[in-house]
Amino acid sequence: MPSKDARILAQAAVPTAAVGAIAAVVSGVVAGGKGAIGAVVGTLVVILFMGIGLYVLQRTAKSFPQLFQMMGLMLYAAQLLLLVIFVALFKNTTLFNPRAFAIALVVATLAWIAAQTRAHMKAKILYVDPEASSKGDKPEKTGHSS
């Protein structure tokens with residue numbers, strides 16, 4: 001993973017983990033040990049799902065840039081669907097507090113999206129590949145020419 005991709009991943013994962021830690025403390029106070037475990041599990045699920053999604057999206061952008069926008073929309077829809085399925089699967093669990101799990105899952109997801117948005121806005125990502133033009137490659141024409 002190139003350094004800018006790893007930096008965006010870290011800039012999204014670290015705030016999400018911090019929000020998850022706060023959620024675990026609050027859940028531990030409100031719902032006891034099982035609440036804290038539920039919040040930690042919810043946060044880890046979000047970091048895992050969203051991290052894998054970011055990795056897949058970056059690979060798609062490099063391999064098939066024409067599919068990037070469609071893949072991004074499909075990926076986020078799939079991630080949200082999987083998170084809803086996780087909540088439904090663990091709705092009646094006795095391993096941890098399901099309410100703390102669900103709340104931490106939603107809060108961590110919102111924190112991830114906000115942090116990833118901020119990381120992308122602050123990143124200096126070029127719109128044109130300068131290496132392609134320096135090699136003497138002709139730019140590929142797309143659309144109509146006037």
Side-chain angles (χ1 to χ4, degrees), residues 1-135 137 139-140 142-143:
M1 184 179 283
S3 65
K4 70 175 181 190
D5 298 339
R7 194 172 333 141
I8 289 173
L9 179 64
Q11 288 176 345
V14 171
T16 303
V19 167
I22 293 168
V25 169
V26 170
S27 296
V29 169
V30 172
K34 287 194 176 196
I37 293 171
V40 168
V41 170
T43 303
L44 290 176
V45 166
V46 168
I47 291 172
L48 181 69
F49 278 16
M50 296 296 188
I52 290 171
L54 181 61
Y55 176 74
V56 168
L57 198 58
Q58 294 298 335
R59 298 268 305 177
T60 301
K62 285 176 187 34
S63 303
F64 306 104
Q66 68 276 13
L67 298 177
F68 180 71
Q69 185 176 14
M70 185 222 27
M71 185 68 169
L73 292 171
M74 191 276 309
L75 185 66
Y76 283 123
Q79 286 173 332
L80 291 175
L81 180 64
L82 284 172
L83 291 175
V84 168
I85 290 170
F86 253 77
V87 170
L89 286 175
F90 291 106
K91 185 167 75 171
N92 296 320
T93 188
T94 58
L95 299 173
F96 50 78
N97 186 316
R99 181 170 285 159
F101 170 75
I103 291 171
L105 199 75
V106 170
V107 170
T109 300
L110 294 174
W112 179 281
I113 291 170
Q116 185 178 357
T117 301
R118 182 179 184 275
H120 275 290
M121 289 176 67
K122 291 184 69 81
K124 305 276 192 248
I125 299 173
L126 299 173
Y127 292 100
V128 178
D129 185 10
E131 293 176 12
S133 60
S134 67
K135 292 179 186 175
D137 295 342
E140 184 178 318
T142 59

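Distance CG/Leu80 to CG/Leu82: 9.0 Å, rounded to 0.5 Å. Rounding to the nearest 0.5 Å places CG of Leu57 at 10.0 Å from NZ of Lys62. Here the CE-CG distance, from Met50 to Leu75, works out to 8.5 Å after rounding to the nearest 0.5 Å.
Remark: the backbone N or O of Thr94 is paired with a side-chain donor or acceptor of Lys34 at under 3.5 angstrom.
Residues Ala115 and Pro15 approach most closely at CB-CG, 3.9 Å, considering heavy atoms. Shown here for Ile47 and Thr16, the closest heavy-atom pair between the two residues is CG1-CG2, 3.8 Å. Contact detail for Gly35 and Ser27: the closest heavy-atom pair is O-CB, 3.2 Å. Ala31 approaches Asn97 most closely through the heavy-atom pair CB-ND2, 3.2 Å. Closest heavy-atom contact between Ala111 and Val19: CB-CG2, 3.8 Å. Of all the heavy atoms in Thr43 and Gly20, the pair that sits closest is OG1-CA, 3.2 Å.
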Starting from the C-alpha separation in whole Å, work towards a yes-or-no answer on side chain to side chain contact (heavy atoms under 4.5 Å, CB included) for Leu105 and Val45. CA-CA 8 Å; Leu105 199 75; Val45 166; 4.0 Å; yes
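Taking the six-membered ring where tryptophan is involved, the planes of Phe49 and Phe86 are perpendicular, since the angle between them exceeds 60° and thus also 30°.
Residues in residues 65-81 take part in these side-chain hydrogen bond (donor to acceptor under 3.5 Å, both in side chains) pairs, two or more places apart or across chains: Tyr76-Gln116.
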